[in-house]
Amino acid sequence: MANALKIGVAGLGTVGASLVRILQTRANALAVACGRPIAVTAVSARDASKDRGILMDGIAWYADPVEMAKDADIDVFVELVGGAEGAAEQSVRAALVRGLHVVTANKALLSRHGVELAKLAEEKGRLLNYEAAVAGGIPVIKTLRESLTGNNFSRIYGIMNGTCNYILTRMEREGLSFADCLKEAQRLGYAEADPSFDIEGNDTAHKLSILTTLAFGCEISADQIYLEGITNISIEDIHAAADLGYRIKLLGVAQKTESGIEQRVHPTMVPLDSVIAQVDGVTNAVALESDILGELLMVGPGAGGNATASAVLGDITDIAKSRPGAQEVPVLGRPAHLLEPYRQAEMQSHEGGYFIRLTVQDRTGVFASIATKMAENAISLESIVQHSKQPAAPDRPQTIILVTHATMESAVRKAVGAIKGEGYLIGEPQVIRIERPKG
Ligand SMILES: NC(=O)c1ccc[n+]([C@@H]2O[C@H](COP(=O)([O-])OP(=O)(O)OC[C@H]3O[C@@H](n4cnc5c(N)ncnc54)[C@H](OP(=O)(O)O)[C@@H]3O)[C@@H](O)[C@H]2O)c1
């Protein structure tokens, strides 16, 4: 059998420890599948005294991942530390400079430094694999990068944050508030102690930026993504959505338009009978729409030690099976120097349906005034209903819900601004975009 592929794993937390356990317990089967053994020869973490359920015989320990990248006797550097900068970034760079292959699960790192790192890997003729960085165990990177080469993509979208999907699912199923569901998600370990990165949409944005590059051949531009999290979604929105035949999901969407590429992360109403509406709890889903294939929807575990380690393992076995001198798949789908500059489509020119929920004082003429402001901005309404469960009374606020046909974001913003100026609104209006699957 050929020489062993020697692996160094930096980071032995949820993903890293799972990965090493799998590599150790399935060593024989992996050697058969890859035609050569895969041996973990070095690891790095902060705390050397922690029991991680892995066998340390014959494995060199490094307190510093950068040292491991520079010195260890390894062929592949696996980065499972996390973070866009610091030890993760420095160690990956050092490994590539040294001419090692790199595998990482780090979306934050790739969304910030992905293009530079891809250039470095390509200059060195080495692989930089990152299947686990987007949607955990779902093999979406390989699908975009390899299986669907030649397709022109029109839209990609998905549920890429399990914490948000878990919260929205429980709000709907149990009628609980956002705050209560968040506490429950934290108790069960689905949400971090500081959950802002997930619930404000940043985590989804990082993943979306990587998919956008793979689908549309442009440079990564995570900082030009329109971002709205789920913190303002109330149980009233969820009930109103259900009454209208929709479910609310936090989607990341990238779409080709005449003026450029739209990248947006926001709470979205999807039709109740669509497949993506059925994706519940911590599960992830990614939909790809292209001209040759049509629509592909992939659903599966988006996080967790084993599911994520499965994707990392696939990246490592690809390296084990690769033949020296063979043409490698470009890191970002096309050679990094051929990526086009990202041409951002302005959010104002987004076109789609909108759900608008207004709480108003119960005054004569309010309903007519709202309809007029919509008409003045050329917004065509699918429905406008008074949604309150209780009978109208002079001192009782009323809820009015509008659903628009496809219209421009700029028109909706103008109409809502004009309504705000009329003085009968109570609180802030709620505006949620509607997304329809192609099929
Ligand atoms: N968890 C998931 O479900 C999941 C899913 C998809 C992608 N990912 C990505 O996978 C990566 C790892 O995530 P994780 O959940 O496994 O993280 P984690 O449980 O927090 O583990 C991080 C590991 O890195 C080590 N570490 C941190 N800073 C270090 C430093 N300066 N020097 C040496 N070691 C250091 C820690 O050491 P100690 O153990 O000694 O503290 C720990 O072993 C991240 O990029 C994450 O975004 C995770």
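Not measured: the values here are computed from a predicted model. In each ligand, atom 1 is the first atom listed, and ligand 1 is the first ligand listed. Keep in mind that the numbers below use all heavy atoms, side chains included, and drop hydrogens, waters and symmetry copies.
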For a quick test of reading the model, state the closest non-hydrogen atom pair linking [X] to [Y] and the distance between them.
{"X": "Arg413", "Y": "Met347", "result": "NH2-CG, 3.7 Å"}
{"X": "Gln278", "Y": "Leu272", "result": "NE2-O, 2.6 Å"}
{"X": "Thr283", "Y": "Gly300", "result": "CG2-O, 3.4 Å"}
{"X": "Ala345", "Y": "Thr257", "result": "CB-OG1, 3.5 Å"}

Which of these, Val66, Asp203, Val81, has its nearest heavy atom closest to atom 28 (N) of ligand 1? Val81
Would you please determine whether [X] falls within less than 4.0 Å of ligand 1 on a heavy-atom basis?
{"X": "Glu79", "result": "no"}
{"X": "Ala63", "result": "yes"}
{"X": "Gly136", "result": "no"}

Test of understanding: given a 4.0 Å heavy-atom threshold, classify the contact between [X] and ligand 1 as side chain, backbone, both, or neither.
{"X": "Glu131", "answer": "neither"}
{"X": "Ala132", "answer": "backbone"}
{"X": "Thr308", "answer": "side chain"}
{"X": "Ala303", "answer": "both"}

Can a side-chain donor-acceptor contact be found between [Y] and [X] if the only test is distance below 3.5 angstrom?
{"X": "His405", "Y": "Thr407", "value": "no"}
{"X": "Tyr354", "Y": "Glu409", "value": "yes"}
{"X": "Glu228", "Y": "Tyr226", "value": "yes"}

As an exercise, identify every atom of ligand 1 less than 4.0 angstrom from a heavy atom of [X].
{"X": "Gly304", "result": "2 (C), 3 (O)"}
{"X": "Asp47", "result": "40 (O)"}
{"X": "Leu12", "result": "23 (C), 42 (C), 43 (O)"}
{"X": "Pro65", "result": "32 (N), 33 (C)"}
{"X": "Gly82", "result": "44 (C), 45 (O)"}
{"X": "Lys50", "result": "38 (P), 39 (O), 41 (O)"}
{"X": "Leu80", "result": "12 (C), 22 (C), 23 (C), 24 (O)"}

Does the protein place any heavy atom closer than 4.0 Å to atom 16 (O) of ligand 1? yes
Does the protein put any heavy atom within less than 4.0 Å of atom 20 (O) of ligand 1? no
Where is the nearest protein heavy atom to [atom]: which residue, which atom, and how far?
{"atom": "atom 39 (O) of ligand 1", "value": "Arg52 NH1, 2.8 Å"}
{"atom": "atom 46 (C) of ligand 1", "value": "Lys107 NZ, 4.1 Å"}
{"atom": "atom 10 (O) of ligand 1", "value": "Ala105 CB, 3.5 Å"}
{"atom": "atom 31 (N) of ligand 1", "value": "Ala87 CB, 3.6 Å"}
{"atom": "atom 48 (C) of ligand 1", "value": "Val15 CG2, 3.6 Å"}
{"atom": "atom 35 (C) of ligand 1", "value": "Arg46 CG, 3.7 Å"}

Step by step, work out the side chain to side chain contact (heavy atoms under 4.5 Å, CB included) result for Thr308 and Ser18. CA-CA 9 Å; Thr308 311; Ser18 289; over 6 Å; no
salt_bridge([X], [Y]) N-O dist < 4.0 Å:
{"X": "Arg112", "Y": "Glu89", "answer": "no"}
{"X": "Arg145", "Y": "Glu131", "answer": "no"}
{"X": "Lys420", "Y": "Glu428", "answer": "yes"}

Taking side-chain contact (heavy atoms from CB on, under 4.5 Å) as the criterion, tell me which of Pro195, Ser177, Cys164 meets it with Leu182. Pro195
Atom CE in Met160, atom CG in Asn284: separation rounded to 0.5 Å? 8.0 Å
One pair to check against side chain to side chain contact (heavy atoms under 4.5 Å, CB included): Glu351 and Glu262. What are the steps and the verdict? CA-CA 10 Å; Glu351 205 178 334; Glu262 262 180 34; over 6 Å; no
Polar proximity ligand 1 side, [X] side, N/O cut 3.5 Å exclusive:
{"X": "Gly83", "value": "no"}
{"X": "Gly11", "value": "no"}
{"X": "Ser44", "value": "no"}
{"X": "Gly13", "value": "yes"}

Report the relative orientation of the aromatic rings in Phe153 and Phe216; use parallel for angles under 30°, tilted for 30 to 60°, perpendicular for over 60°. perpendicular
Salt bridge (charged side-chain N to carboxylate O under 4.0 Å, His left out) with Glu435: of Lys249, Arg155, Arg247, only one passes, and it is Arg155
